[in-house]
Amino acid sequence: MAHTQLAVLFTSVALIVIGLYAAIFVDNIIKKIIGISFIEEGANLFIVGIGYKPGGIVPILMPGMNSTWFASNASYPLPYGLVLTSIVIGASTLAVMLALVMVLYRRYGTLSTSVMLADTSHQEEYDE
Amino acid sequence: MNELIPLMVIVPMMAALLISAFSKFDKVIKVFAFVVALCLPIIPLLSNYGVHYFGGYAPIVDNITNILYHPAITYSFNFPQQIFIGMVGILTFLVVFIYLTKYTKVSGPYLFLLFMGTAAVTALILTDDIFHMFVFFEILALAQVGIVAASSIDYSYEMALKYMILGSIGSPIMLLGIGFLLAMTGTVNITDIVAIIRDGIISTSSPMFFLSLALIFFGWLYASGLPPFHTIKSGIYSKAEPHGAALLQSFTVISMISIVIIMFRIYSVLPIFEVLIVLFSVLAMILGVSLALTQTDFRRMIGFLAVGELGFIGLGIGLGTQYAITAGLFQALNEIVITALLFIGFGAIVNATNEVDTRKLGGLLASHPKVGIMLLIGGLAMAGVPPLSGFQSKLMLVQASLSCGYPELSILTIMVSIATFVVFVKTFYSMFLRPKPHDLEVVDKDVPRAMIFAMVVLLIIIVALGIFPDVVTNGISNFVGGMLH
Amino acid sequence: MLDYILMIIIVVSAILALIQKDLLKAAILTGFSGGALAVLFQIMLAPDVALTQAIVGAAIVPVFIALAVKKTQRGDA
Amino acid sequence: MRLYDQIFDVVKKFKELFSPGPVTNADVSGSLTAEIFLIVSLVIASLLLRHVSVLLAGLVTLILAIVLISNIPLIPKFKIEQDDSLNKMLFYAIMVLGLIVIFMYWGGRFV
């Protein structure tokens with residue numbers, strides 16, 4: 001049963017590595033952003049994996065439950081609360097990034113990172 | 001009155017939301033923003049030191065094991081917090097004032113971002129909860145992106161997107177580090193984590209503990225703009241409006257010191273922690289200043305200088321003694337003020353000439369003597385010329401590194417100060433002293449009054465801190481002494 | 001058994017999303033990955049997180065990406 | 001004489017570096033200062049290794065000095081590596097992340 005927890009940690013590491021790979025090697029900006037959202041998902045999965053207690057129960061204390069039994073069987077709910085916040089933060093950053101991409105696409109007409117987000121420090125003119 | 005502690009975060013945040021919601025009513029919003037901005041530096045001055053437990057959940061003592069737990073999000077307010085929040089408040093007030101006088105029609109979203117950023121850094125420096133720190137770290141990153149994207153400077157959208165993509169790599173990594181720490185200690189309250197580590201409940205030599213340091217450290221590198229993030233950090237300074245950049249750098253400095261203090265409290269048992277911080281600070285100093293020497297865009301140059309100066313703060317924290325950390329924090333305070341002065345002053349020049357290339361400028365001392373003189377004093381303060389405030393903190397840093405047995409770091413510190421001086425003199429010469437080129441047209445002759453006012457206020461703070469450093473250093477030193485024991 | 005299948009779905013659809021030539025397909029595959037993650041959260045005794053992730057990961061994020069693709073271009077180049 | 005020629009080439013390189021727009025005295029002297037500052041400060045920083053081992057510090061300092069001086073127009077290379085291109089920034093960021101994680105996980109205990 002503890003194998004599930006280990007497998008979850010491996011999955012999260014796999015997601016993070018996929019995301020980092022996409023961040024370096026994928027040129028399309030939307031795919032890059034998708035890859036970056038996988039890093040976020042991997043971190044979330046990892047934190048949920050921390051709270052998970054193999055063979056335990058959902059941490060909801062119903063009335064009439066034996067509290068000692070509950071305390072020794074419930075999984076740890078604090079990480080779950082953190083992940084909720086983190087998921088929403090991730091979605092909102094994703095939305096802002098995509099909005100910026102849409103604005104920049106109108107200017108460049110391409111989604112290639114090496115064109116859209118290239119070095120700008122030597123550019124003299126700025127064409128609208 | 002500890003009730004004032006949460007208000008330091010709530011007031012700017014509520015103001016941000018209200019301004020954004022009622023941005024149609026132009027006059028009312030202007031007055032409201034001005035009043036709130038005026039309140040921001042006053043609240044920390046009136047408040048007493050102490051802690052605030054959100055929701056009133058006081059710490060619980062476990063009767064069997066006698067261990068203290070903190071169930072609520074805790075804000076702790078002390079002398080350094082007071083001085084830094086007060087300084088950010090003053091800066092926010094000046095920036096909002098410049099913004100309100102510059103534009104007749106104010107933009108609600110922009111003011112929203114300014115106030116939201118202020119609320120986020122205030123929460124960052126007050127908080128005693130590592131996840132709360134992460135949440136406001138994200139909010140701060142979003143606010144910074146917004147401030148950059150809202151400016152009307154060329155390539156600001158590109159720079160904002162780059163900053164955001166790098167940020168969305170940095171922050172999940174930091175979250176992962178927090179996750180490792182949570183997995184080992186089971187809590188997110190820093191005081192509890194420190195107590196657990198001090199009692200030896202978890203093994204500090206386990207690879208997990210080192211890994212959590214590595215991941216949180218990477219997030220800190222992103223937040224503070226040390227290498228490898230020095231290019232993007234200087235980039236966003238140069239693509240934001242000058243007054244926005246003045247606020248952005250204060251956000252950077254404060255997020256840097258608040259996260260590094262948290263890391264110091266948790267990880268100072270590991271000797272490698274100090275090695276890492278000193279390594280990256282030295283790199284930041286060398287790369288920041290040497291790149292600043294080769295820039296021709298003066299906003300970018302100040303950006304790189306600001307990153308280079310961050311290295312001094314890191315150096316002070318990395319040396320790890322009471323005197324060194326005091327010096328580092330004092331340097332942070334000075335840097336906030338000095339860099340803000342430089343950004344606002346150079347922004348006034350951009351305003352007047354519409355030109356950012358130092359090669360095409362010249363002879364501005366004749367048309368803008370006031371701005372020139374104030375910028376000169378600010379630059380001298382940044383380079384560490386007595387009796388200005390930069391001198392005091394840099395002298396303390398040199399002494400601290402000598403007394404720790406690292407004369408190389410002292411030499412490096414002095415060299416970086418000299419190079420900073422060279423950068424500044426070179427730029428000042430080519431902008432103000434050199435004969436005026438024929439093709440330079442000064443578009444708008446007079447500099448806005450609000451900018452002059454802001455510069456004068458910041459200059460007074462610089463000189464006052466330079467002459468009476470004890471006012472600040474004694475209090476910081478006491479706080480650091482309490483933190484180390 | 002179901003959890004291992006879900007993990008494989010998450011990783012494989014993440015990889016497939018990144019090698020698609022068609023960005024709309026990539027958006028849909030992202031939704032697959034997010035939805036599978038939501039079910040995995042449910043199995044890992046976190047129903048509250050699963051609900052949020054199901055809405056955000058399986059519906060909102062793919063829709064955002066699809067909207068961005070619709071406003072820009074569908075092909076990867 | 002070869003070193004002299006090399007230093008002379010440095011100035012030519014700087015001209016290319018500032019290609020759009022005129023090159024002023026102040027820019028070239030600033031870049032030369034940056035060049036010297038970079039070499040000296042990196043060499044001094046490498047002296048910090050003496051707290052680990054004196055022999056290592058001596059070796060690293062010597063090698064670093066020789067390598068840096070023989071590659072002398074350093075600033076153009078440095079500037080090209082640290083420009084605003086997102087791909088370069090991401091590459092360096094992730095490389096640093098990898099280095100920190102690997103170093104801390106396997107080597108953190110030994111410091």
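Throughout, protein chains are lettered first and strands after them, A, B, ... in sequence-line order, and every chain is numbered starting at 1. The figures here come from the full heavy-atom set of this structure, side chains too, leaving out hydrogens, waters and symmetry mates.
- Both the backbone and the side chain of Y80(A) come within contact range of chain C, each with at least one heavy atom under 4.5 Å from a heavy atom of that chain.
- Shown here is F10(A), whose CZ atom has no more than 12 heavy atoms of other residues, nucleotides or ligands within 6.0 Å.
- Only the side chain of V56(C) comes within contact range of chain A, judged by heavy atoms closer than 4.5 Å.
- Contact of V115(A) with chain C is not made at all, since no heavy-atom distance falls under 4.5 Å.
- Interface remark: of the candidates V26(A), L15(A), N44(A), I57(A), I57(A) forms the most heavy-atom pairs closer than 4.5 Å to chain C.
- When heavy atoms are compared at a cutoff of 4.5 Å, L51(C) does not approach chain A at all.
- Heavy atoms closer than 4.5 Å to chain C are found in both the backbone and the side chain of A95(A).
- I24(A) places none of its side-chain heavy atoms less than 4.5 Å from the side chain of L20(A).
- At a 4.5 Å heavy-atom cutoff, the contact between D3(C) and chain A is made by side-chain atoms alone.
- Interface remark: I8(C) contributes no atoms to any contact with chain A (heavy atom separation under 4.5 Å).
- T110(A) and S112(A) form no side-chain donor-acceptor contact under 3.5 Å, judged by distance and modelled atom types alone.
- Ranked by heavy-atom pairs under 4.5 Å with chain A, the first of L23(C), I10(C), T30(C), I55(C) is L23(C).
- The environment of NZ in K25(C) is sparse: at most 12 heavy-atom neighbours from other residues, nucleotides or ligands sit within 6.0 Å.
- Using a distance-only test at 3.5 Å, with no hydrogens or angles considered, no donor-acceptor pair links the side chain of S86(A) to the main chain of L82(A).
- For K32(A), no part lies under 4.5 angstrom from a heavy atom of chain C.
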Any chance you could lay out the side chain to side chain contact (heavy atoms under 4.5 Å, CB included) test for L18(C) and Y21(A), step after step, and finish with the verdict? CA-CA 10 Å; L18(C) 290 176; Y21(A) 174 86; 5.5 Å; no
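- Partner L45(A) forms a side chain to side chain contact (heavy atoms under 4.5 Å, CB included) with one of L9(A), V83(A), T11(A) and no other, that one being T11(A).
- Both the backbone and the side chain of I65(C) come within contact range of chain A, each with at least one heavy atom under 4.5 Å from a heavy atom of that chain.
- Looking only at distances, a side-chain donor or acceptor of Q5(A) sits under 3.5 Å from a matching main-chain atom of G49(A).
- Interface remark: I30(A) contributes side-chain atoms only to the contact with chain C (heavy atom separation under 4.5 Å).
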